[in-house]
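Below: one structure, written as structure tokens.
By convention in this document, chain letters (A, B, ...) are assigned in the order of the sequence lines, proteins followed by strands, and residues within each chain are numbered from 1. Predicted model only: the values in this text are computed from it and were never measured.
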2 protein chains.
Amino acid sequence: MQVSLADPRIERPKIFTHGCPTRVVLDHVMSRWGVLVLLALSEGTLRWGELRREVDGISEKMLASTLRTLEADGIVVRTSYPEVPPRVEYSLSPLGDELMQRMLPLVGWVAEHAEGIVERQA
Amino acid sequence: MQVSLADPRIERPKIFTHGCPTRVVLDHVMSRWGVLVLLALSEGTLRWGELRREVDGISEKMLASTLRTLEADGIVVRTSYPEVPPRVEYSLSPLGDELMQRMLPLVGWVAEHAEGIVERQA
DNA sequence: CGGGATCCCAAATGATACTG
DNA sequence: CAGTATCATTTGGGATCCCG
């Protein structure tokens with residue numbers, strides 16, 4: 001008797017395999033700084049300097065790295081204006097909008113319950 | 001004229017301050033392994049060994065560490081049965097259920113779009 | 001079976017200085 | 001202003017051994 005690869009009887013219990021696309025993207029958007037940068041951009045377009053000030057504690061290096069990753073993923077759009085002094089704006093792409101529509105409820109829930117969770121540990 | 005600390009005119013644009021409870025909990029539940037462990041448990045109670053096999057690639061150290069953190073947060077419940085050989089089961093607490101209710105749509109969206117996102121980079 | 005304790009490394013992150 | 005380059009450091013994470 002033959003079984004297909006999609007046969008439920010032989011389906012692996014594993015969530016996602018190591019190195020699969022889902023894990024890669026998950027690592028980008030759910031990273032420490034990725035979440036905060038996306039959260040900031042979900043309220044509207046921001047310039048580099050604004051982003052740096054809004055995401056408290058982020059270093060220039062991590063901001064650059066995070067933005068490059070999210071831009072490569074097509075989640076964030078970078079627009080540079082050929083002016084002097086230079087001006088660069090970052091915003092969510094349509095894909096990023098869809099993503100944040102799902103992430104905001106989660107972050108909102110965490111924000112509401114975080115204090116209670118942390119206090120209970122003391 | 002006096003202004004209160006909650007005055008919207010002087011509200012900081014910062015998302016969350018460095019080290020605030022929200023960031024702490026966010027780091028726990030959105031960590032690389034935290035997400036995958038919670039995802040596994042969202043389908044039902046699992047034993048230590050089952051979790052280890054289901055979350056592909058996780059080491060014993062990280063599984064233990066992740067579970068301890070999530071248990072301390074009150075998101076995961078650990079139940080040990082005084083048998084021999086020992087049996088320990090992990091499941092989501094009511095709090096964890098609420099959390100995953102918000103996280104599943106996000107992870108689902110990522111899983112659907114991840115392949116397209118990663119392929120586009122090549 | 002279900003972990004804890006240790007050692008150790010690679011990667012993530014921070015700080016600072018510099019540049020188009 | 002908007003980054004890049006470099007160096008120092010922390011820490012996430014793996015490997016291994018051990019124990020109740």
Exercise. For B:Asp27 and D:dG12, give me the distance from atom CG to atom P, rounded to whole Å.
Key: 9 Å
Practice problem: Would you mind reading off the distance between B:Arg47 atom CZ and C:dC1 atom C1', rounded to a whole angstrom? | Solution: 7 Å
Quiz item: Starting at CG of A:Leu46 and ending at C1' of D:dG3, how long is that distance when rounded to a whole Å?
Solution: 17 Å
Exercise. Measure the distance from CG on A:Leu51 to C1' on D:dA2 and round it to the nearest whole Å.
Key: 12 Å
Quiz item: Are the side chain of B:Arg32 and the backbone of A:Met30 linked by a donor-acceptor contact shorter than 3.5 Å?
Solution: no
Exercise. Identify whether any heavy atom of B:Tyr81 sits under 4.0 Å from a base atom; if not, whether one sits that close to sugar-phosphate; answer base, sugar-phosphate or nothing.
Key: nothing
Practice problem: May I ask you to evaluate whether B:Tyr90 reaches the phosphate of C:dG3, defined as a side-chain N or O under 4.0 Å from OP1 or OP2? | Solution: yes
Exercise. Check the distance between D:dC1's C1' and A:Leu67's CG and give it to me in whole angstrom.
Key: 15 Å
Quiz item: Can you list the residues that meet the side-chain hydrogen bond (donor to acceptor under 3.5 Å, both in side chains) rule with B:Gln121, with sequence neighbours excluded?
Solution: A:Asp73
Review item, side-chain donor-acceptor pairs of residues 62-69 of chain A, under 3.5 Å, at least two apart:
unit_1: A:Thr66; atom_1: OG1; unit_2: A:Met62; atom_2: O; d: 2.7
unit_1: A:Thr69; atom_1: OG1; unit_2: A:Ser65; atom_2: O; d: 3.0

Quiz item: Can you list the residues that meet the side-chain hydrogen bond (donor to acceptor under 3.5 Å, both in side chains) rule with A:Arg23, with sequence neighbours excluded?
Solution: none
Quiz item: When the distance from CZ of B:Arg68 to P of C:dG3 is rounded to whole Å, what number comes out?
Solution: 10 Å
Exercise. Using side-chain hydrogen bond (donor to acceptor under 3.5 Å, both in side chains) as the criterion, list what pairs up with A:Arg87, not counting sequence neighbours.
Key: A:Glu83, A:Glu89
Quiz item: Taking protein heavy atoms under 4.0 Å as touching, what does nucleotides 7-20 of chain C look like 5' to 3' if B marks base contact, S marks sugar-phosphate-only contact and - marks none?
Solution: B-----BBB-B--B
Name the atoms and distances for all side-chain donor-acceptor pairs under 3.5 Å in residues 94-112 of chain B, with sequence neighbours left out.
unit_1: B:Glu98; atom_1: OE1; unit_2: A:Trp109; atom_2: NE1; d: 2.9
unit_1: B:Arg102; atom_1: NH1; unit_2: B:Glu98; atom_2: O; d: 3.2
unit_1: B:Trp109; atom_1: NE1; unit_2: A:Glu98; atom_2: OE1; d: 2.9

Quiz item: Can you tell me how far P of D:dC1 sits from CD of A:Glu89, to the nearest Å?
Solution: 14 Å
Quiz item: Rounded to whole angstrom units, what separation is found between the CG atom of B:Leu63 and the P atom of D:dG14?
Solution: 11 Å
